[in-house]
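The structure appears below as structure tokens.
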2 protein chains.
Amino acid sequence: MRADALRGHLDSLVLAVVEHEPLHGYAIIEALQVRSGGELELPTGTVYPALRRLEAAGYLTSDWDEVGGRRRRTYALSRAGRKALAQHRAEWRTFSSVIGGVLGEA
Amino acid sequence: MRADALRGHLDSLVLAVVEHEPLHGYAIIEALQVRSGGELELPTGTVYPALRRLEAAGYLTSDWDEVGGRRRRTYALSRAGRKALAQHRAEWRTFSSVIGGVLGEA
DNA sequence: GCGCTATATGTTGCTTGTCTACATGTAGCC
DNA sequence: GGCTACATGTAGACAAGCAACATATAGCGC
């Protein structure tokens with residue numbers, strides 16, 4: 001999958017993946033990989049800045065905890081994040097049908 | 001629709017729109033608007049550079065003609081462009097199912 | 001102890017594509 | 001002359017994803 005095709009859609013993916021359970025960055029990367037059937041292998045240089053961005057925007061909250069001597073920053077979806085996710089899903093439906101429509105298959 | 005969601009997908013759209021008939025830039029912008037049900041209102045600063053990029057990549061060929069005293073640069077899909085379009089369509093199917101899958105609707 | 005892998009977080013700087021704003025010119029209408 | 005539609009294009013700003021780098025712990029095999 002080409003690199004910048006993802007542009008503008010990563011935020012939605014991250015929000016979706018922490019929807020039901022808070023996760024730390026590393027686990028988010030793994031979850032995206034699993035959920036995409038191996039298609040998404042996102043580098044840390046992509047994901048970590050995105051997490052900070054989403055937290056700054058108020059869509060995620062984070063807490064430090066320590067598991068087995070390793071520090072983890074666990075991210076959870078905020079109320080605003082939940083709202084944003086719903087919005088993103090609606091936008092995705094539009095986007096997807098617009099592109100699909102113009103692209104056609106004929 | 002957010003701007004950079006389009007990032008990386010515009011090329012596919014442009015190639016698709018000139019698939020069956022060569023069009024000039026202005027007409028391409030209008031065609032995209034019509035075909036997207038009004039969702040895509042692309043500024044010239046987006047489309048014209050994209051056309052030049054696609055021509056430089058060998059996916060489009062262009063010819064100047066004059067209609068009613070106005071100069072037009074008409075773009076047509078090259079053989080390589082046709083191939084690229086097929087490739088883009090396949091990539092879109094993957095992309096779309098990956099994002100849709102991760103996003104879920106549950 | 002040493003090297004390796006997996007886990008875990010983060011930054012710097014590059015690149016590239018989209019957009020805003022600007023710039024230019026013709027045709028047709030009032 | 002002024003307005004709108006048609007038509008092409010450029011310069012510069014901005015943002016996001018990425019590669020590469022930097023750091024540190026845990027656990028395993030030797």
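In the text below, chain A, chain B and the rest are named by the order of the sequence lines, each starting its count at 1. Side chains are part of it too, since the values below use all heavy atoms of this structure and drop only hydrogens, waters and symmetry mates.
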Handout entry: Shortest non-hydrogen contact from B:P49 toward B:T44
Key = CD-O, 3.5 Å

Exercise for the section: List in chain and number order the residues that pass salt bridge (Lys or Arg N to Asp or Glu O under 4.0 Å) with B:R72, two or more places apart in sequence or in another chain; answer none if no residue qualifies. Expected result: none

Exercise for the section: Specify the separation, in whole Å, of atom CD1 of B:I28 and atom P of D:dC6. Expected result: 16 Å

Exercise for the section: For A:R53, enumerate each residue passing the side-chain hydrogen bond (donor to acceptor under 3.5 Å, both in side chains) test, keeping only those at least two apart in sequence or located in another chain. Expected result: A:D11

Protein N or O to nucleotides 17-19 of chain C N or O, pairs below 3.5 Å:
unit_1 : atom_1 : unit_2 : atom_2 : d
C:dG17 : O4'    : B:R7   : NE     : 2.7
C:dG17 : O4'    : B:R7   : NH1    : 3.1
C:dG17 : O4'    : B:R7   : NH2    : 2.9
C:dG17 : N3     : B:R7   : NH1    : 2.7
C:dT18 : OP1    : B:G8   : N      : 3.3
C:dT18 : OP2    : B:R53  : NH2    : 2.9
C:dC19 : OP2    : B:T46  : OG1    : 2.3
C:dC19 : N4     : B:G45  : O      : 3.3

Problem - Stepwise side-chain hydrogen bond (donor to acceptor under 3.5 Å, both in side chains) test for A:D65 and A:T74 - result: CA-CA 7 Å; A:D65 51 316; A:T74 301; 3.0 Å; yes

Completion exercise
Quick note, A:R52 side chain, CB onward, closest among C:dT9, D:dC6, C:dT11 is C:dT11

Practice task
Let me know the distance between CD of A:Q33 and C1' of C:dA6, rounded to the nearest Å.
Solution key: 13 Å

Handout entry: A:L51 CG to D:dA16 P, straight-line distance once rounded to whole Å
Key = 14 Å

Problem - For A:A84 against A:L15, the heavy-atom pair lying closest together - result: CB-CD1, 4.2 Å

Completion exercise
From OH of A:Y26 across to P of D:dT25 the rounded distance in Å is 17 Å

Practice task
Please confirm whether the backbone N or O of B:W64 pairs with a side-chain atom of B:R73, one donor and one acceptor, at under 3.5 Å?
Solution key: no

Handout entry: Among D:dA7, C:dA6, C:dG10, the one nearest B:Y48 by side-chain distance
Key = D:dA7

Practice task
Rounded off to whole Å, could you give me the CZ-to-C1' distance for the A:R73 and C:dT11 pair?
Solution key: 13 Å

Practice task
For the pair A:H9 and B:F95, name the ring-plane relationship: parallel under 30°, tilted 30 to 60°, perpendicular over 60°.
Solution key: perpendicular

Practice task
Take the protein atom CH2 of A:W64 and the nucleotide atom P of C:dT7, then report the distance between them rounded to whole Å.
Solution key: 18 Å

Completion exercise
Taken to the nearest whole Å, CG/A:L60 to P/C:dT9 is 13 Å

Please tabulate, for the side chains in residues 23-33 of chain A, all donor-acceptor contacts under 3.5 angstrom to protein atoms that are two or more places apart in sequence or on a different chain.
unit_1 : atom_1 : unit_2 : atom_2 : d
A:Q33  : NE2    : A:E41  : OE2    : 3.2

Report, one pair per line, the protein and nucleotides 24-27 of chain C atoms (nitrogen or oxygen only) whose separation is under 3.5 Å.
unit_1 : atom_1 : unit_2 : atom_2 : d
C:dT26 : O3'    : B:G69  : O      : 3.3
C:dT26 : O2     : B:R70  : NE     : 3.2
C:dA27 : O4'    : B:R70  : NH2    : 3.0

Fill in the blank from the handout: Rounded to whole Å, the CD1-P distance (A:I29 to C:dT9) equals 8 Å

Problem - All side-chain hydrogen bond (donor to acceptor under 3.5 Å, both in side chains) counterparts of B:E55, not counting sequence neighbours - result: B:S62

